[in-house]
Amino acid sequence: MHRQHFNANRVQVSTLLSIKTGACPEDCKYCPQSGHYNTGLDKEKLMEVQKVLDEAKRAKEIGSTRFCMGAAWKHPSAKDLPYVLEMVKGVKAMGMETCMTLGKLDEAQTKALADAGLDYYNHNLDTSPEFYGNIITTRTYAERLQTLSYVRDAGMKICSGGILGMGESIADRAGLLIQLANLPEHPESVPINMLVKVEGTPLENAEDVDPFDFIRMLAVARIMMPKSHVRLSAGREQMNEQMQSLAFLAGANSIFYGEKLLTTANPQADKDMQLFARLGIKPEAREEYADEVHQAAIEHAIIEQRDASLFYDAATH
Ligand code: SAM
Ligand code: DTB
Ligand code: SF4
């Protein structure tokens with residue numbers, strides 16, 4: 001199935017940046033950025049446009065092809081939106097794909113983001129409709145579906161997935177995939193996150209997910225949405241290399257790349273590139289890149305991340 005639609009040795013790499021951190025009015029029980037819980041996180045207001053562009057440049061230099069900007073908002077405000085649009089334009093001009101996750105959108109905001117050149121909008125359904133109310137009470141499932149519908153109608157690509165490890169049942173995991181696979185079109189990108197348990201959140205002591213059940217979730221997502229990129233998302237820092245390899249074999253073909261997710265740790269870039277090399281995986285080219293020089297620069301950046309020390313480079317053998 002995977003090989004019918006993708007080169008199984010290519011994995012798409014995206015880098016995340018939190019452009020506005022903490023003090024979020026929503027009550028998502030998994031989230032370190034919710035203002036409802038005390039997680040000791042340093043709160044920050046919207047980052048300056050130039051600082052965001054500097055971070056995007058850094059991401060490009062380590063070989064990332066998509067830059068995803070996240071804000072801890074219920075929804076963007078009229079005051080903040082113009083700055084966000086400048087960020088999209090600036091990152092796009094650097095030759096990277098752009099992605100944002102800013103909470104709920106109205107129709108006009110969605111159109112403005114599309115006009116600025118935003119490629120992807122991330123808005124997760126998180127879990128099944130039945131389990132959802134145990135995790136979030138300040139935003140409904142129907143509101144999430146509405147935002148996704150605006151994004152689709154504005155011609156942008158959808159990134160939508162969920163989280164495992166919040167106490168949901170196997171049926172709830174199936175319920176999430178059924179929702180995603182029954183959207184009018186499959187999301188182009190389906191992030192499957194393993195809960196990062198953050199002290200101070202209501203889920204800090206949640207039970208671990210069985211690693212094989214996590215892998216099964218990726219495999220079923222791959223089968224149900226054969227043309228989508230399935231992203232092995234948050235939680236990789238807590239997984240060993242063997243588990244990540246199994247995830248790629250099960251059909252995951254995208255990761256977050258760079259040492260930080262939004263507020264929590266992600267594996268170091270050099271470690272990821274060493275693992276890719278040992279598995280014979282290469283980072284995927286940008287979907288619409290027209291410029292081979294740009295692609296060569298990405299590959300060069302990736303190689304630079306690897307430690308030249310002793311490991312078997314399966315990608316070039
Ligand atoms: N505030 C916006 C929203 O919720 O739409 C955007 C940012 S929010 C942090 C993006 C997604 O990150 C959430 O939908 C959730 O799936 C994921 N996430 C947040 N905290 C997480 C955690 N501790 N572990 C795993 N995934 C998490
Ligand atoms: C997604 O599904 N996972 C990313 C991204 N979309 C925005 C976020 C993961 C956040 C993990 C917790 C943190 O670093 O704050
Ligand atoms: Fe806010 Fe998003 Fe975190 Fe929910 S997941 S508390 S909306 S930042």
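Ligands are counted one by one from 1 in listed order, and the atoms in each one are counted from 1 as well.
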Considering only non-hydrogen protein atoms, determine which one is nearest to [atom] and report residue, atom name and distance to 0.1 Å.
atom: atom 5 (C) of ligand 2; answer: Phe256 CZ, 3.7 Å
atom: atom 15 (O) of ligand 2; answer: Thr263 OG1, 2.6 Å
atom: atom 4 (O) of ligand 1; answer: Arg139 NH2, 4.2 Å
atom: atom 12 (O) of ligand 1; answer: Asn124 ND2, 4.4 Å

Give yes if a backbone or side-chain nitrogen or oxygen of [X] is under 3.5 Å from a nitrogen or oxygen of ligand 2, and no if not.
X: Ala234; value: no
X: Ser233; value: no
X: Gln33; value: no

* To do: Consider ligand 3: state whether an atom of it lies below 4.0 angstrom from any non-hydrogen atom of Arg139.
  =>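 Heavy atoms of Arg139 do come under 4.0 Å of ligand 3.
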* To do: Look at the side-chain heavy atoms of Ile, Leu, Val, Met, Phe, Trp and Tyr, link any pair under 4.5 Å apart, and say whether Leu164 and Leu246 land in one connected group.
  =>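 Yes, one cluster joins them.
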* Asked: What do we get for Thr201 next to ligand 1 when only non-hydrogen atoms under 4.0 Å count, side chain, backbone, both or neither?
  ->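 Neither part.
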Less than 4.5 Å apart, any side-chain heavy atom of [X] and any of [Y]?
X: Lys227; Y: Glu188; result: no
X: Met100; Y: Asn122; result: no
X: Glu237; Y: Asn266; result: no

* Using a heavy-atom cut-off of under 4.0 Å, does the side chain or the backbone of Leu262 touch ligand 2, or both, or neither? ->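 Both backbone and side chain.
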* Asked: Applying a 4.0 Å heavy-atom criterion (strictly less than), which segment of Pro32 is in contact with ligand 2: side chain, backbone, both, or neither?
  ->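 For Pro32, only side-chain atoms sit under 4.0 Å from ligand 2.
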* **Full working for salt bridge (charged side-chain N to carboxylate O under 4.0 Å, His left out) between Arg139 and Asp27** => CA-CA 9 Å; Arg139 181 192 331 273; Asp27 69 352; over 6 Å; no
* Below 4.0 angstrom, N of the basic side chain to O of the carboxylate: do Arg58 and Glu259 qualify? ->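 Yes, charged N to carboxylate O under 4.0 Å.
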* Leaving waters out, which protein N, O or S atoms fall under 2.8 Å from atom 3 (Fe) of ligand 3? ->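 Counting only protein N, O or S atoms under 2.8 Å from atom 3 (Fe) of ligand 3, the list reads Cys31 SG.
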* **4.0 Å heavy-atom contact, Met194 with ligand 1** =>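 Met194 counts as a contact of ligand 1 under the 4.0 Å cut-off.
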* To do: Please confirm whether Gly70 comes under 4.0 Å of ligand 2, counting heavy atoms of the residue only.
  =>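 No.
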* Non-hydrogen atom of Asn193 closer than 4.0 Å to ligand 2 ->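 In this structure, Asn193 qualifies as a contact of ligand 2 - some heavy atom is under 4.0 Å.
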* **Nearest protein heavy atom under 4.0 Å from atom 7 (S) of ligand 3, yes or no** =>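 Protein heavy atom within 4.0 Å of atom 7 (S) of ligand 3: present.
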* Within the side chain of Tyr141, is there an N or O that forms a donor-acceptor pair under 3.5 Å with the backbone of Gly133? ->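 No: the side chain of Tyr141 does not pair with the backbone of Gly133.
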